[in-house]
Amino acid sequence: MCGIFGIVTDKDQNLGPILIEAARRLTYRGYDSVGAATLREDGTIDLRKDVGKIDAVAARYNLAEMRGRRGITQLRWATFGEPSQVNAQPHLDSDGDMVGAHNGNVVNNVELRQQFIAEGMLVRSQNDGETCVHAVERYVNRGYDFIDAIRLAYGDLAGDYAFVIGRTGDDKLYAIKKGSGLVVGIDDGFTCVSSDLPSILPLTRRIIRVQDGEIVILQAGGVELHSVIDGRLIQRQPEIVTQTMDAVQKGGYPHFMLKEIHEQPQVARELLHLLEGSGEVDTVLQKIKSSRHLYFIGCGTSYHACIAGAVFFAQIAGRPVIPVLAPQFVPQYAPAVTHEDVGLFVSQSGETKDVLNALQAAEKRGMTCFGIANVIGSTLTRAAACWLPLCCGYEISVPATKTFTNQVITFLYLAYRMSGRDTSELEQIPDLMEKTLQAVAPQVAALATSLNKWNDMYCLGFGATYPIALEGALKLKEITYAHCEGMLSTEFKHGPLSAVSEGYPVIFVAGPQDVPLIVSGINEVTCRGGRAVAVGEEDSRLRANASEMIVLPLSGPTFNPLLAVLPLQLLAYHLSLERGYDPDFPRNLSKTLTVD
Ligand code: F6R
């Protein structure tokens with residue numbers, strides 16, 4: 001996700017402490033490297049950066065002594081290029097008279113870097129932040145004035161990002177926004193710009209929220225906003241932020257979990273853009289296609305994504321996959337795998353010991369091991385032959401939400417590519433997710449209130465909604481401390497049906513193609529006095545048979561499971577609150593499990 005901050009002041013001063021403090025306040029977004037640059041009075045740029053935590057990098061490079069009127073700092077969360085000093089941001093242009101940093105992802109990074117090298121520019125890193133700087137340099141070299149160069153660069157840079165740049169011999173900073181967050185702060189004697197409010201609020205509460213397609217020109221005395229498309233001046237009055245810092249860090253939501261649930265459409269969008277430009281996807285697909293057996297391996301929520309992935313691979317790509325819980329992989333499959341087999345090891349943290357043990361056992365047998373992880377630089381990303389990033393930014397809340405949906409989307413994308421289907425169809429997913437979150441919210445909150453007296457329930461699904469039912473049940477157990485079992489709907493009659501009594505809640509997650517089967521299951525519950533809650537697309541058969549329905553937007557059998565998990569996440573969240581618990585930090589659990 002990364003974080004950027006830039007400031008323009010009216011006098012030459014020690015900007016180091018301001019930059020360090022701003023960077024500290026963006027750490028909640030997650031990072032592996034830190035950098036700062038100041039544009040000094042003597043017309044030079046002071047750039048200091050490295051891999052590591054802020055305090056360590058600040059001490060190693062004495063960031064506190066950095067002076068100037070203008071400064072930029074950046075926290076990097078690696079996507080393009082390993083965490084290293086050269087890939088850390090900010091970056092210089094070829095001659096060292098411009099400096100810039102970005103957050104987000106420039107998905108045509110590799111192609112643009114090749115073009116810049118061919119055009120004779122000095123490209124020092126693999127990082128896409130440097131690509132943003134050269135994208136401006138290209139048009140400056142062709143004789144455009146600086147603002148036009150930035151506007152033209154915006155047209156060349158594909159992806160979701162926000163970018164700040166400054167040059168020597170000038171008294172301004174410039175910033176653009178496309179997809180990623182960008183906020184401006186204004187006060188007497190300075191203006192600043194950042195990916196997020198926490199770095200701005202200690203300095204000022206007068207802010208302007210920048211919109212996509214806008215370029216901001218920052219001077220010590222004020223800011224100007226222009227349209228990137230036609231350069232026209234945009235008038236927007238500053239607003240005063242009254243929220244507390246805690247509320248701001250949670251993006252105005254009462255809990256990180258709710259914030260992260262609502263971030264799902266945006267991180268899905270960013271992931272899809274990133275996958276489209278990823279060379280690693282080609283490497284993974286090539287190896288998968290020629291493999292003998294294919295395993296998807298994970299724990300907890302990540303394992304549920306593996307099951308969803310296996311269903312998509314069979315249904316879309318006609319390729320059988322064995323989804324397996326990581327610890328069970330060791331006794332059940334590892335002794336029999338060979339160098340002809342491929343495993344995709346899936347983990348939000350990339351540090352789950354159970355997953356790393358399975359990877360070690362597989363590697364000993366010569367199996368090709370790929371990773372899918374959110375935390376770049378984690379052990380999994382270092383141990384795997386190649387890995388795909390989940391692109392979710394920091395997931396703070398212990399219950400995984402946005403990393404689950406992006407894991408499922410990654411598998412869906414790979415299945416589409418395997419089958420040669422048009423991946424642009426997947427671009428509907430983020431909008432459908434937004435629509436779902438809006439549509440289900442009030443009904444789910446009411447359902448949570450009415451379920452509160454129950455300490456026991458089931459969540460059932462079939463086919464691609466089976467892993468969604470498992471995931472919904474896990475979320476409910478994890479943060480409400482009630483027992484909720486996730487199960488294949490057809491298994492319910494083989495034993496658990498005996499639990500059903502008057503009003504006993506059973507949630508059915510219905511894929512549109514499985515409605516007749518789900519309706520049978522519903523009737524087995526309702527005819528014994530149980531309460532059947534159906535989660536699915538509007539359907540007269542579900543409507544007529546279930547006790548109540550949570551209606552999802554029409555999306556078809558492939559996207560439906562991704563939408564169905566959203567009301568279940570929200571249900572767990574609201575039920576947790578009904579019970580007076582903190583959904584972000586459930587008892588007995590930790591976000592990263594580094595023990596056997
Ligand atoms: C549940 C949850 C856990 C994790 C599991 C694996 O909300 O977060 O079940 O999914 O501990 O963690 P990772 O994905 O980090 O390997």
Side-chain angles (χ1 to χ4, degrees), residues 30 255-261 263-264 267 295-309 323-330 343-360 362 369-384 387-411 459 467-482 484-486 565-566 568-573 575-576 581-596:
H255 296 95
F256 286 111
M257 182 179 181
L258 195 60
K259 173 175 180 258
E260 288 161 6
I261 287 173
E263 277 171 0
Q264 288 175 107
V267 295
Y295 299 89
F296 292 169
I297 300 152
C299 293
T301 289
S302 298
Y303 168 63
H304 300 154
C306 291
I307 306 175
V324 53
L325 281 163
Q328 187 63 10
F329 175 82
V330 179
L344 256 69
F345 293 78
V346 185
S347 173
Q348 183 286 127
S349 60
E351 299 294 350
T352 301
K353 182 86 184 329
D354 288 335
V355 176
L356 299 175
N357 289 346
L359 184 133
Q360 215 176 21
C369 300
F370 294 128
I372 297 181
N374 192 41
V375 181
I376 315 307
S378 59
T379 309
L380 176 60
T381 64
R382 284 184 274 117
W387 50 270
L388 304 177
L390 287 169
C391 229
C392 291
Y394 211 21
E395 191 175 62
I396 293 174
S397 185
V398 169
T401 52
K402 57 181 177 172
T403 52
F404 173 73
T405 41
N406 268 12
Q407 287 166 347
V408 176
I409 290 171
T410 302
F411 281 127
C459 188
I468 301 305
L470 296 183
E471 177 57 9
L474 176 59
K475 290 292 93 107
L476 280 156
K477 279 191 276 251
E478 190 177 6
I479 57 172
T480 72
Y481 313 156
C484 179
E485 198 167 334
V565 77
L566 306 180
L568 300 178
Q569 294 168 341
L570 284 171
L571 179 63
Y573 171 78
L575 198 50
S576 179
Y581 303 135
D582 180 349
D584 285 339
F585 302 105
R587 69 184 180 202
N588 307 338
L589 297 178
S590 127
K591 185 77 183 155
T592 305
L593 285 167
T594 52
V595 290
D596 284 312

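Remember, it's 1-based here, ligands and their atoms both numbered in the order they're listed.
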| message | To the nearest 0.5 Å, what is the distance between CG on L325 and CG on D354? | response | 9.0 Å

| message | Can you list every protein residue that has a heavy atom under 4.0 Å from any atom of ligand 1, sorted by chain and residue number? | response | C299, G300, T301, S302, S347, Q348, S349, T352, V398, P399, A400, L474, K475, E478, L593

| note | The residue among I468, L474, L568 that forms side-chain contact (heavy atoms from CB on, under 4.5 Å) with C459 is L568

| remark: One should read off an interatomic distance between Q348 CD and I372 CD1, to the nearest 0.5 angstrom, of 13.5 Å

| Run the side-chain hydrogen bond (donor to acceptor under 3.5 Å, both in side chains) check on T403 and E395 step by step: do they pass? | CA-CA 8 Å; T403 52; E395 191 175 62; 2.9 Å; yes

| Any luck finding a side-chain donor-acceptor pair between T401 and Q264 under 3.5 Å? | no

| note | Taken to the nearest 0.5 Å, the spacing of N588 CG from E478 CD works out to 11.0 Å

